[in-house]
Amino acid sequence: MTENSAAPFSFRFSGSSFDNMVETLGGAFGAFDAEPVGRARDFHWGLDFSVCDKAVLLTGYHEAEFQFNIEPTVDTAEYLSIVVPRSGGMGVTYGSRVAEAGQGKLLLYNNFEPNSVIMHGQSNVIDELLINWPVILQTIGQTFEMPFSGSLDLLPELDLSKPAGRLIGNLTETIISGMRDDGPLLQSPIAMAHMTQALADLVVRLVPHRLSHFLENGHALIAPRHVRRAIEFMHANIDQAITMPKVAEAAGVSSRALETGFRAFRGTSPAAYLLTLRLRAARQDLLDPESKETMKAICLKWGFFHFGRFSAVYKTTYGEYPSDTRKRVMRR
């Protein structure tokens, strides 16, 4: 092990066996499959972490390169990882795409998305700030006032020489320093909540992603009153057989004006918006381990009268069939 390579850091977990490292990491992050890059006579490693309600800070050290992939399980938490290399680097692959963190560059990724991860360099020290994904989803909801599911397609590399990179990087460093070694942020849940929310807001507004064009076109402005009334009516009557003319009537506008308002301020049609609300409600029922409702009952409850069509749309939205969701929950 290189002397002083990880001197500024202390590690609660460490060892000189690659298999021992895999065993330690695997229990925390899902099905963990890893292998060294090249031959390493000894594999020295260290790991430390700090945990709070909104975020986790991981600090890891390894002497030799290795690569791994993680298959999330039903118990794996979803999060946005912001990777801050102290020495060496880290890369993730998404199919044929590769994104890397290194000198002057941060890496951002959702832990459910990459195909594989590689840790670069000798005597590599990496900080990872893991922001709970619900914090990101809450920020998206507040910013765009629209339901969201699927991949955010977040730009994974962030240049620290650019204004957005410096701003996000500085706040990330502040949170990291406040969490490390049982730091003061861990003793102040309110401060932690505000800072992670601020970081999530910066990421959603400044890092290009699937919804960025709404910001560029001004769609994230406050929607007009008739659109807000329509959304309120949808939420209040989501389990009823409502039609778009009924929604337009409740909003006090014509069907055409309602369509125009949703296209302009929500980037979708009112019918598609209602469909997303219903899909999300059905998924919440399917994910409830205490629910005894049949699949058919859940479909009818949320306005889906043709199970085949519901199953196809659900698969397109969530990447699995509703029966697969129910089976996963029942296996817990």
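Hydrogens, waters and symmetry mates are skipped; everything else that's a heavy atom, side chains included, is used. Note that the structure is a prediction, hence the values are computed from the model and not measured.
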### Task
Is it possible for you to say whether Phe13 and Leu130 belong to one hydrophobic cluster, with membership spreading through side-chain heavy-atom contacts below 4.5 Å?
yes

### Message
For Tyr318 and Arg280: C-alpha separation, side-chain torsions, deciding distance, then whether side-chain contact (heavy atoms from CB on, under 4.5 Å) applies.
### Response
CA-CA 10 Å; Tyr318 296 110; Arg280 186 168 61 180; 3.9 Å; yes

### Tyr109 vs Glu128 side-chain heavy atoms within contact, under 4.5 Å
yes

#### Entry: Nearest heavy atoms of Trp302 and Ala282, plus distance in Å
CD1-CA, 3.6 Å

### Message
Just so I know, are the side chains of Leu279 and Phe304 near enough to count as touching, which here means a heavy-atom distance under 4.5 Å?
### Response
yes

### Message
Please report the interatomic distance CG(Leu155) to CG(Leu107), rounded to the nearest 0.5 Å.
### Response
10.0 Å

### Query
When clusters are formed by joining ILVMFWY residues with side-chain heavy atoms under 4.5 Å apart, either directly or through shared neighbours, do Val117 and Val98 land in the same one?
no

### Query
With a 4.5 Å heavy-atom cut-off, do Tyr61 and Ser14 have their side chains touching?
no

### Query
salt bridge (Lys or Arg N to Asp or Glu O under 4.0 Å) with Arg229: which residues, sequence neighbours excluded?
none

### Task
Name all pairs fulfilling the ring pair (Phe, Tyr, Trp, His ring centres under 6.0 Å) condition that reach into residues 241-263, sequence neighbours left out, sorted by first residue then second.
Phe262-Tyr273

### Task
Can you sort out the partners of Ala272 under side chain to side chain contact (heavy atoms under 4.5 Å, CB included), two or more places apart, ordered by chain and number?
Thr268, Ser269

### Task
Specify the closest pair of heavy atoms between Ala77 and Phe112, including all atoms of both residues, with the distance to one decimal.
O-CE1, 3.7 Å

N/O donor-acceptor pairs under 3.5 Å from side chains in residues 46-53, not counting sequence neighbours:
unit_1: Asp48; atom_1: OD1; unit_2: Arg12; atom_2: NE; d: 2.6
unit_1: Asp48; atom_1: OD1; unit_2: Arg12; atom_2: NH2; d: 3.3
unit_1: Ser50; atom_1: OG; unit_2: Met179; atom_2: O; d: 3.2

#### Entry: All ring-ring contact (aromatic ring centres under 6.0 Å, His included) counterparts of Phe68, not counting sequence neighbours
Phe32, Phe66

### Message
Show every salt bridge (charged side-chain N to carboxylate O under 4.0 Å, His left out) that has at least one partner inside residues 309-321, sequence neighbours left out.
### Response
Arg283-Glu320, Glu320-Arg328

### Message
Any non-hydrogen side-chain atom of Phe11 less than 4.5 Å from a side-chain atom of Trp45?
### Response
no

### Query
Quick one: which of Leu108, Leu154, Ile140 gives a side chain to side chain contact (heavy atoms under 4.5 Å, CB included) with His209?
Leu154

#### Entry: Nearest heavy atoms of Asn69 and Ser116, plus distance in Å
CB-CA, 4.1 Å

### Message
Suppose the criterion is salt bridge (charged side-chain N to carboxylate O under 4.0 Å, His left out): which pairs have a residue in residues 184-197, not counting sequence neighbours?
### Response
none

#### Entry: Within residues 185-199 or reaching into it, pairs that qualify as side chain to side chain donor-acceptor pair (under 3.5 Å) - sequence neighbours excluded
Thr139-Gln197

### Query
Do Ile131 and Val203 have side-chain heavy atoms sitting under 4.5 Å apart?
no

### Message
Can you tell me how far apart CG (Leu274) and CD1 (Ile231) are? Round to the nearest 0.5 Å.
### Response
11.0 Å

### Rounded distance (nearest 0.5 Å) linking atom CD1 of Ile82 with atom CD1 of Ile176
8.0 Å

### Task
Calculate, to the nearest 0.5 Å, the distance between atoms CE and OG belonging to Met21 and Ser16 respectively.
12.0 Å

## Note on the structure
For Phe305, the hydrophobic cluster (side chain heavy atoms closer than 4.5 Å, chained through members) also holds Leu300

### Query
Just by distance, do the side chain of Ser311 and the backbone of Tyr321 share a donor-acceptor pair under 3.5 Å?
no

### Query
With sequence neighbours left out, which residue pairs that include part of residues 150-163 fulfil the side chain to side chain donor-acceptor pair (under 3.5 Å) condition?
Glu113-Ser151, Ser151-Asp153, Asp159-Ser161

#### Entry: Within 6.0 Å of CZ in Arg166, more than 12 heavy atoms from elsewhere
yes

### Task
Let me see the working for Leu185 and Ile175 under side-chain contact (heavy atoms from CB on, under 4.5 Å), right down to the final yes or no.
CA-CA 8 Å; Leu185 271 182; Ile175 295 174; 4.3 Å; yes

### Query
Do Val92 and Arg97 have side-chain heavy atoms sitting under 4.5 Å apart?
no

### Query
So, do Leu106 and Leu160 sit near enough that their side-chain heavy atoms are less than 4.5 Å apart?
yes

### Task
Give the intermediate values and the outcome of side chain to side chain donor-acceptor pair (under 3.5 Å) for residues Glu78 and Asn110.
CA-CA 7 Å; Glu78 188 173 7; Asn110 177 298; 2.9 Å; yes

### Query
Quick one: are Asn111 and Trp133 in side-chain contact, heavy atoms under 4.5 Å?
no

Exercise answer: donor-acceptor pairs, residues 232-261 side-chain atoms, under 3.5 Å, sequence neighbours excluded:
unit_1: Asn237; atom_1: ND2; unit_2: Phe233; atom_2: O; d: 2.9
unit_1: Thr243; atom_1: OG1; unit_2: Lys246; atom_2: N; d: 3.4
unit_1: Ser254; atom_1: OG; unit_2: Ala257; atom_2: N; d: 3.1
unit_1: Glu259; atom_1: OE2; unit_2: Arg263; atom_2: NE; d: 3.1
unit_1: Glu259; atom_1: OE2; unit_2: Arg263; atom_2: NH2; d: 3.3
unit_1: Thr260; atom_1: OG1; unit_2: Arg256; atom_2: O; d: 3.0

### Query
If you measure from CD1 on Ile126 to CE on Met119, what distance do you get to the nearest 0.5 Å?
5.0 Å

## Note on the structure
One should read off an interatomic distance between Leu199 CG and Leu171 CG, to the nearest 0.5 angstrom, of 5.0 Å

Let me check something: any side-chain donor-acceptor pairs from residues 286-295 under 3.5 Å, sequence neighbours excluded? List them with distances.
unit_1: Asp288; atom_1: OD1; unit_2: Glu290; atom_2: N; d: 2.9
unit_1: Ser291; atom_1: OG; unit_2: Glu293; atom_2: N; d: 3.4
unit_1: Thr294; atom_1: OG1; unit_2: Ala297; atom_2: N; d: 3.1

